[in-house]
Amino acid sequence: MVVAVAPTDTISDVTPEISIVVPLYDEEPNVEPFHGELSAVLARLGRPYEIIFIDDGSRDRTFARLTAVYASDPHVRVIRFARNFGQTAAFAAGFAHARGRLIVTSDGDLQNDPADIPRLLDVARDHDIVCGWRKARQDAYLTRHLPSVVANWLLSKASGIRLHDNGCSLKVFRAEVVTPLHLAPGMHRYLPALASQLGGRVAEVVVNHRPRRFGRSKYGLSRTFGVLRDIMGLQRLMREAVTPRAERPRLYEIAEILESARS
Ligand code: UDP
Ligand code: MG
């Protein structure tokens, strides 16, 4: 019997194996170049995928750009938040909607390099969590890089998971280790620690990091103080992330979803 199978990179009505989750807040100039780079890499993989963009209440024309990308690419789904809820909420919405067995997270500002994704996916064959390590980080040393070196060292001590760069968004998770998590605001920074409670095989892979070309960072030095507070309470945060509670506040409100029967 001969069965005709279309190439996987042109099929969008099969269940995706890989879901890419990308939060965007005021990233209008980055949307199209990022989608272009990402799609070129994913098409070469030859595995069924979907891209879930979360517009986290952007005030610029990010959503208009996403609408154009959605219209041109059946792999794309767009979740638009009613207002800015923060990066953790965006990841949480992406995880809740992802259909893939593997979830790839990435920033959408072109600082993470989609060309690293195939290597992370290779390592994910025998790991539950694969974290990017921005070894040559392209951010201001004193206000960004140095605080992150200290925070990561403390985080390793507190969580028992030795990673150089918890804060790198470029990661791959087996869906089972993130979809059940109850995330509170700010918790996207500790996803490896939280997710490791549901699957322990954690790996780290050196990834490329690029300076921001368009748009601006959404964070300043004040983030460091919040991180120190979180690290001190990390054991409690880890417990809460895997304990269901009825009265948890809603993390986000969705205004609109672009997806159709085609994807
Ligand atoms: N982001 C978001 N909501 C926010 C802040 C940031 O969705 O409230 C997105 C942002 O658009 C980017 C990613 O999260 O895609 C990382 O943000 P940013 O580049 O500002 O952080 P940095 O790289 O400076 O740590
Ligand atoms: Mg950035």
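Just so you know, ligand 1 is whichever comes first in the structure, and atom 1 is the first atom listed for that ligand.
Polar contact check, Glu27 against ligand 1: a nitrogen or oxygen pair lies under 3.5 Å apart. Backbone and side-chain nitrogen or oxygen atoms of Arg212 are examined, and one is located within less than 3.5 angstrom of a nitrogen or oxygen of ligand 1. Polar contact with ligand 1: present for Pro23 (N/O pair, distance under 3.5 Å).
Looking only at protein heavy atoms, the nearest one to atom 22 (P) of ligand 1 is Arg144 NH2, 3.5 Å. The protein heavy-atom contact nearest to atom 20 (O) of ligand 1 is Lys218 N, 2.6 Å. Of all protein heavy atoms, the one closest to atom 19 (O) of ligand 1 is Asp109 OD2, 2.6 Å. In this structure, the protein non-hydrogen atom closest to atom 17 (O) of ligand 1 is Tyr219 CE1, 3.8 Å. The protein heavy atom nearest to atom 23 (O) of ligand 1 is Gln111 OE1, 3.2 Å. Taking atom 14 (O) of ligand 1 as the reference point, the nearest protein heavy-atom neighbour is Gln87 CD, 3.2 Å. Counting only heavy atoms of the protein, atom 1 (N) of ligand 1 lies nearest to Tyr25 CB, 3.8 Å. What sits closest to atom 3 (N) of ligand 1 on the protein, heavy atoms only, is Asp56 OD2, 2.6 Å.
For the Mg ion (ligand 2), the set of nearby N, O or S atoms under 2.8 Å includes one belonging to Gln111. Put simply, Asp109 gets within reach of the Mg ion (ligand 2), with an N, O or S atom under 2.8 Å from it.
Contact between Leu120 and Gly132 at its shortest, heavy atoms only, is CD2-N, 4.4 Å. In this structure, Leu258 and Glu256 approach most closely via the heavy-atom pair CD2-OE2, 3.9 Å.
Below 30°, between 30° and 60°, or above 60°: for Tyr49 and His75 the angle between ring planes is below 30°, a parallel geometry.
Note that CG of Asp165 is 7.5 Å distant from NZ of Lys171, once rounded to the nearest 0.5 Å.
Using a 4.0 Å cut-off between charged nitrogen and carboxylate oxygen, Glu253 and Arg83 do not count as a salt-bridge pair. For the pair Arg119 and Glu204, the salt-bridge criterion is not met [side-chain N within less than 4.0 Å of a carboxylate O].
Under the 3.5 Å distance criterion, the side-chain polar atoms of Glu17 are left unmatched by any main-chain donor or acceptor of Thr15.
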Candidate pair Asp113 and His209, rule side-chain hydrogen bond (donor to acceptor under 3.5 Å, both in side chains), full reasoning = CA-CA 7 Å; Asp113 186 347; His209 191 240; over 6 Å; no
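The one candidate from Arg212, Arg213, Arg59 that meets the salt bridge (Lys or Arg N to Asp or Glu O under 4.0 Å) condition with Glu27 is Arg212.
Close approach of ligand 1 to Asn84 is summarised as follows: ligand atoms under 4.0 Å from at least one heavy atom of the residue are 3 (N), 4 (C), 8 (O). Every atom of ligand 1 is numbered from 1 in the order shown, and the set under 4.0 Å from a heavy atom of Gly108 is 15 (O).
In the model, Tyr190 has no side-chain atom that pairs as donor or acceptor with a side-chain atom of Asn166 under 3.5 Å.
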